[in-house]
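Down below is the structure, laid out as C-alpha cells.
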Amino acid sequence: MQINHNSPIPLYYQLREQIRENILSGKWDFGKELPAELRLCEELNLSRATVKQAMDGLVQEGLIERKKGKGTFVTYRKMGNNFFSQPSFTRQMAELGLDLYSRILSASDGPLEKGIEGYFDPSDGEEFCKIHRVRYVNNRPLVIEENYIPKGWSRDLLKQRLNTLSVYDYLETANGIKFDNYHYIVQPMSLHEEEKQLLGLEDDRIQLIVFKKDMVGVRLDIISYYQGQKVMLTRRIFEGSNFSITVDYNTGTHQVSVENGKWTIPL
C-alpha cells in the first residue's frame with residue numbers, strides 16, 4: 001500500500017480505500033489477519049489517529065472485526081445468488097441461510113406515481129397497495145424495495161407485519177394462487193443521495209466518489225403474473241458493483257438466452 005501525503009484526498013480515506021479494495025477484490029479473503037495498526041503507522045508514516053479512523057470505517061462497513069488480544073481480521077465474504085431463479089427476496093435469503101428483516105419507509109393505498117403507472121393497464125383499477133421498505137441482510141442495508149399491487153389482489157396486506165413478511169408468500173396464500181410467470185427488467189442507474197443513505201453508504205465516501213463520478217446502482221423491476229394477469233410490480237434498487245448478467249447468443253438461430261443474473265452479496 002502507498003499513501004500520497006501531498007494529495008488533497010484525506011490520508012485516512014486513502015488507507016481505508018486501499019484496504020477496502022484488497023478485501024472486496026478477494027486479495028485479502030475471509031479470516032485474513034490485517035497488519036497491526038502500529039505497523040501501518042510506521043510503514044506508511046501515518047498517525048495512530050489516522051489509521052484508527054480508517055479502521056473504524058471498515059469495522060462499521062462490516063468488512064473487518066477487531067478481536068481483543070488477537071488482532072484485526074477480514075469478516076467480509078461474498079455469497080452468490082441468481083436473481084432470475086427466485087423472485088422472492090425473502091426466499092433467496094432463506095436459501096442462503098441469511099438473516100433478513102425490513103425497515104418500513106411507507107405503506108399505503110392509493111393511485112400510482114408517475115413512472116410506475118405505465119406498468120399497469122386501466123383494467124387493473126386505480127387503487128393500489130404500495131409498500132416501500134429497506135431490506136437488511138445480517139444487519140446491513142442491501143436493497144431498497146417497492147411493491148405495487150392492485151387492490152383486488154392485495155387483500156389485508158397492510159394489516160400484516162411488513163418488517164418480516166414475504167409479500168410473495170402472502171399474495172399466493174391469500175389469493176390461493178401460484179405465480180406462473182415473471183418479467184424482469186434490469187437497468188443501470190445513478191444512485192440519488194437519499195438512496196445512497198438508505199443503503200448505508202458513508203457521507204464522506206460518497207462525496208469523494210461523486211466528485212470523480214456518479215455511483216452506479218442497478219434497478220431490477222419484476223412483474224409477477226398469474227394466468228396472464230399482473231398481480232404485482234416489485235422494484236428493487238441495489239448498489240451496482242456486484243451485479244453481472246451472462247447471456248448466450250446463437251448465430252445460427254439468432255436467439256439470445258440468459259444463463260445467469262448474478263448478484264454477489266457482500267457480507
Quick one: sort the Tyr168 and Phe179 rings into parallel, tilted or perpendicular, breaks at 30° and 60°.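 It falls in the perpendicular class, over 60°.
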Parallel under 30°, tilted from 30 to 60°, perpendicular over 60°: which one fits the rings of Tyr184 and Phe83? tilted
Kindly say whether [Y] contributes a backbone atom to a donor-acceptor pair with the side chain of [X] at under 3.5 angstrom?
{"X": "Gln14", "Y": "Asn4", "answer": "yes"}
{"X": "Gln18", "Y": "Gln2", "answer": "yes"}
{"X": "Ser7", "Y": "Ile9", "answer": "yes"}
{"X": "Gln86", "Y": "Ser88", "answer": "yes"}
{"X": "Thr50", "Y": "Leu46", "answer": "no"}
{"X": "Asn250", "Y": "Gln255", "answer": "no"}
{"X": "Asn82", "Y": "Gly261", "answer": "yes"}

Give the C-alpha distance, both sets of side-chain angles, the deciding distance and a yes or no for side-chain contact (heavy atoms from CB on, under 4.5 Å) between Gln160 and Val167. CA-CA 10 Å; Gln160 311 305 311; Val167 175; over 6 Å; no
Distance-minimising heavy-atom pair for [X] and [Y]:
{"X": "Asn45", "Y": "His5", "value": "O-CE1, 3.0 Å"}
{"X": "Lys196", "Y": "Leu191", "value": "CE-O, 3.1 Å"}
{"X": "Glu33", "Y": "Lys70", "value": "OE2-O, 3.4 Å"}

Measure the shortest side-chain to side-chain distance between [X] and [Y] over non-hydrogen atoms and say whether it is less than 4.5 angstrom.
{"X": "Arg236", "Y": "Ile222", "value": "yes"}
{"X": "Asp29", "Y": "Lys32", "value": "yes"}
{"X": "Arg135", "Y": "Leu100", "value": "yes"}
{"X": "Met55", "Y": "Val51", "value": "yes"}
{"X": "Asn260", "Y": "Ile245", "value": "no"}
{"X": "Met1", "Y": "Leu40", "value": "yes"}
{"X": "Leu105", "Y": "Val134", "value": "yes"}
{"X": "Val231", "Y": "Leu171", "value": "yes"}

Counting only heavy atoms not in Gln187, do more than 12 sit closer than 6.0 Å to its CD atom?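 Yes, CD of Gln187 has more than 12 neighbouring heavy atoms, counting only those of other groups under 6.0 Å.
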Quick check: are there more than 12 heavy atoms from other residues, nucleotides or ligands sitting under 6.0 Å from CD of Glu117?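 Yes, enclosed.
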Kindly compute the distance separating [atom1] ([X]) from [atom2] ([Y]), expressed to the nearest 0.5 Å.
{"X": "His132", "Y": "Tyr148", "atom1": "NE2", "atom2": "OH", "result": "7.0 Å"}
{"X": "Gln197", "Y": "His192", "atom1": "CD", "atom2": "NE2", "result": "12.5 Å"}
{"X": "Phe120", "Y": "Lys230", "atom1": "CZ", "atom2": "NZ", "result": "7.0 Å"}
{"X": "Leu34", "Y": "Glu65", "atom1": "CG", "atom2": "CD", "result": "12.0 Å"}
{"X": "Arg219", "Y": "Ile185", "atom1": "CZ", "atom2": "CD1", "result": "8.0 Å"}
{"X": "Ile64", "Y": "Leu58", "atom1": "CD1", "atom2": "CG", "result": "4.5 Å"}

Determine, for [X] against [Y], whether the closest basic-nitrogen to carboxylate-oxygen distance falls under 4.0 angstrom.
{"X": "Glu172", "Y": "Arg91", "answer": "yes"}
{"X": "Arg66", "Y": "Asp56", "answer": "yes"}
{"X": "Glu37", "Y": "Lys52", "answer": "no"}
{"X": "Glu146", "Y": "Arg133", "answer": "no"}
{"X": "Glu42", "Y": "Arg39", "answer": "no"}

I would like to know whether Phe238 and Met189 meet side-chain contact (heavy atoms from CB on, under 4.5 Å); could you show each step before the answer? CA-CA 10 Å; Phe238 307 80; Met189 59 176 288; over 6 Å; no
Passes side-chain contact (heavy atoms from CB on, under 4.5 Å), Asn147 versus Leu233? Steps please. CA-CA 6 Å; Asn147 301 105; Leu233 166 65; over 6 Å; no
Is there a path of hydrophobic side-chain contacts, each under 4.5 Å between heavy atoms, that joins [X] and [Y]?
{"X": "Phe128", "Y": "Ile116", "answer": "yes"}
{"X": "Trp28", "Y": "Phe30", "answer": "no"}
{"X": "Leu112", "Y": "Leu158", "answer": "no"}
{"X": "Phe89", "Y": "Val186", "answer": "yes"}
{"X": "Phe84", "Y": "Tyr225", "answer": "no"}

List the atom pairs, donor and acceptor, that lie under 3.5 Å between side-chain atoms in residues 149-157 and the rest of the protein, sequence neighbours left out.
residue	atom	partner	partner atom	Å
Lys151	NZ	Asp109	OD2	2.9
Ser154	OG	Lys151	O	3.4
Arg155	NE	Asn175	OD1	2.8
Arg155	NH2	Asn175	OD1	3.0

Give a yes/no verdict on a cation-pi contact between Lys178 and Tyr226, requiring under 6.0 Å between NZ or CZ and the six-membered ring centre and an angle within 45° of the axis.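 So Lys178 doesn't make the cation-pi contact.
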Determine, stepwise, if the pair Lys27 / Glu21 fulfils salt bridge (charged side-chain N to carboxylate O under 4.0 Å, His left out). CA-CA 8 Å; Lys27 183 177 180 180; Glu21 176 60 26; over 6 Å; no
Side chains of Ser102 and Asn163: is there a donor and an acceptor less than 3.5 Å apart? no
Show your working on side chain to side chain donor-acceptor pair (under 3.5 Å) between Asp99 and Tyr136 and close with a plain yes or no. CA-CA 8 Å; Asp99 294 327; Tyr136 286 74; over 6 Å; no
Yes or no on side-chain contact (heavy atoms from CB on, under 4.5 Å) for Ile144 and Glu195, after CA distance, side-chain angles and deciding distance? CA-CA 8 Å; Ile144 302 169; Glu195 291 160 347; 3.9 Å; yes
